[in-house]
Amino acid sequence: MRLENKTRKMTIDKIDELVPRLVNEKTRNMAFTELVKATQKTLYWHIRRIVTIHEDADDVLQNTYIKVWKSIGNFKGESQLYTWLYRIATNEALSHLAAERMRSAMVPLEFEELMISRMEADAYYEGDEMAKKLKRAIMSLPEKQRMVFNMRYYDEMPYAEISKITGTSEGALKASYHIAVDKIQKFVKEEDDV
Amino acid sequence: MEKRIIENEQEAFKVPDGYFEGFEERLMSRIQQEEQPVKPAKEANTKQLWINRVSIAVGIVGMLMLATAAIIRTQDEIDVKTQQIITANANENDAYYDEINDKLSNEEIEEALAQIEFNEEGIY
């Protein structure tokens with residue numbers, strides 16, 4: 001699930017080699033299959049950490065690849081393919097959350113509480129008390145801060161790469177990450193004291 | 001922050017068995033579905049509308065043709081019957097007058113004719 005830097009570099013290089021074949025209509029099918037195989041797990045876990053529920057993550061992942069398939073012919077190569085994929089996946093996941101937030105407007109619970117209760121009820125979540133506590137702490141972060149925290153902490157993604165995906169300056173990302181870590185630590189400590 | 005906590009959280013998320021192995025196949029079948037040309041609803045509706053209109057027109061023309069044929073046939077039958085009646089009447093009249101000529105004497109005929117002339121003056 002966590003992508004070591006060396007593996008990440010290999011993945012990025014490997015999928016960038018696919019670009020000429022993806023742009024060419026005759027070789028697109030095969031290259032796309034290779035792209036999916038090479039990136040599906042990384043993208044899945046990135047999406048899953050944002051939307052938390054497996055079924056939702058599956059939907060968002062499929063939508064992400066469908067968007068990639070439909071627009072790959074127009075890929076200009078202005079950014080790395082890997083960054084482009086991550087950006088589409090992130091946008092899709094955030095759009096999904098926004099739609100969920102709208103749908104849950106009638107439920108008398110804070111959206112984050114609702115997400116936690118849905119996650120705990122998910123058949124594909126088996127967290128113990130500590131895991132649930134940490135998840136609650138992460139869910140208490142604002143959406144974008146949570147996303148930066150996930151990419152930096154779980155994926156160990158360099159700030160430069162996160163910056164390309166989110167369109168935020170590296171300085172702002174560093175500050176955001178440290179604030180997030182601080183909030184999580186406080187949240188966990190407070191829960192322990194209670 | 002302790003990495004141990006993060007590891008626990010990470011392990012808490014599961015996926016169904018064989019999820020990643022079957023993902024590509026499911027994705028490609030969904031892409032195929034999305035790529036199938038879908039006729040615009042408007043075009044499909046217009047086509048259906050024209051089919052309905054043509055069917056109705058053919059139906060109406062068919063009914064008119066049947067009705068015309070029936071009228072013509074009936075008229076022919078009427079004409080034949082009328083002709084038969086006219087012929088029959090003419091025959092009957094001839095037979096009637098023949099019978100009268102056979103049965104009545106000249107005096108009686110003249111008396112009858114005088115009666116008719118009398119009636120024609122309007123006195124009954």
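Throughout, a chain's letter reflects where its sequence line sits, starting with A, and its residues are numbered from 1. Here the structure is a predicted model, which is why all the values come from computation and not from measurement. What's counted below: heavy atoms across the whole structure, side chains too, no hydrogens, waters or symmetry copies.
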So what's closer than 4.5 Å to chain B heavy atoms on Asp122(A): side chain, backbone, both or neither?
neither
Minimum heavy-atom distance between Lys14(B) and Tyr44(A), given as atom pair plus value
O-OH, 4.2 Å
Residues, nucleotides or ligands: over 12 heavy atoms within 6.0 Å of Lys183(A) NZ:
yes
Quick check: closest heavy atoms across Phe13(B) and Thr52(A), and the distance to 0.1 Å?
CE2-O, 3.5 Å
Within a 6.0 Å radius of atom CD on Glu170(A), are there more than 12 heavy atoms belonging to other residues, nucleotides or ligands?
yes
Shared hydrophobic cluster, Met30(A) / Leu22(A) (ILVMFWY, side-chain heavy atoms < 4.5 Å)
no
Check the pair Leu27(B), Gln40(A) against side-chain contact (heavy atoms from CB on, under 4.5 Å), reporting the backbone distance first and the verdict last.
CA-CA 11 Å; Leu27(B) 174 69; Gln40(A) 60 175 353; over 6 Å; no
Report the distance from atom OH of Tyr65(A) to atom CD of Glu24(B), rounding to the nearest 0.5 Å.
10.0 Å
Scanning both residues in full, the closest heavy-atom pair of Asp59(A) with Arg30(B) reads O-NH1, 4.4 Å
More than 12 non-hydrogen atoms from neighbouring residues, nucleotides or ligands closer than 6.0 Å to NZ on Lys67(A), yes or no?
no
Any Val15(B) side-chain heavy atom under 4.5 Å of Arg48(A) side chain
yes
With the 4.5 Å side-chain cut-off for hydrophobic clustering, are Tyr153(A) and Phe187(A) part of the same group?
no
Pairing donors with acceptors under 3.5 angstrom, does anything connect the side chains of Glu35(B) and Trp69(A)?
yes
In terms of hydrophobic clustering (I, L, V, M, F, W, Y; side-chain heavy atoms under 4.5 Å; direct or indirect links), are Leu85(A) and Ile88(A) co-clustered?
yes
Asp76(B), CG atom: more than 12 neighbouring heavy atoms under 6.0 Å:
yes
When you look at Arg26(B) and Asp58(A), which way does the side-chain contact (heavy atoms from CB on, under 4.5 Å) test go after all the steps?
CA-CA 11 Å; Arg26(B) 285 186 295 117; Asp58(A) 181 44; 3.3 Å; yes
For Lys37(A), is it the side chain, the backbone, both or neither that has a heavy atom under 4.5 Å from a heavy atom of chain B?
side chain
OH on Tyr19(B) to CG on Leu61(A), rounded to 0.5 Å:
5.0 Å
Do you reckon Ile179(A) sits in the same ILVMFWY cluster as Leu134(A), going by side-chain contacts under 4.5 Å, direct or chained?
no
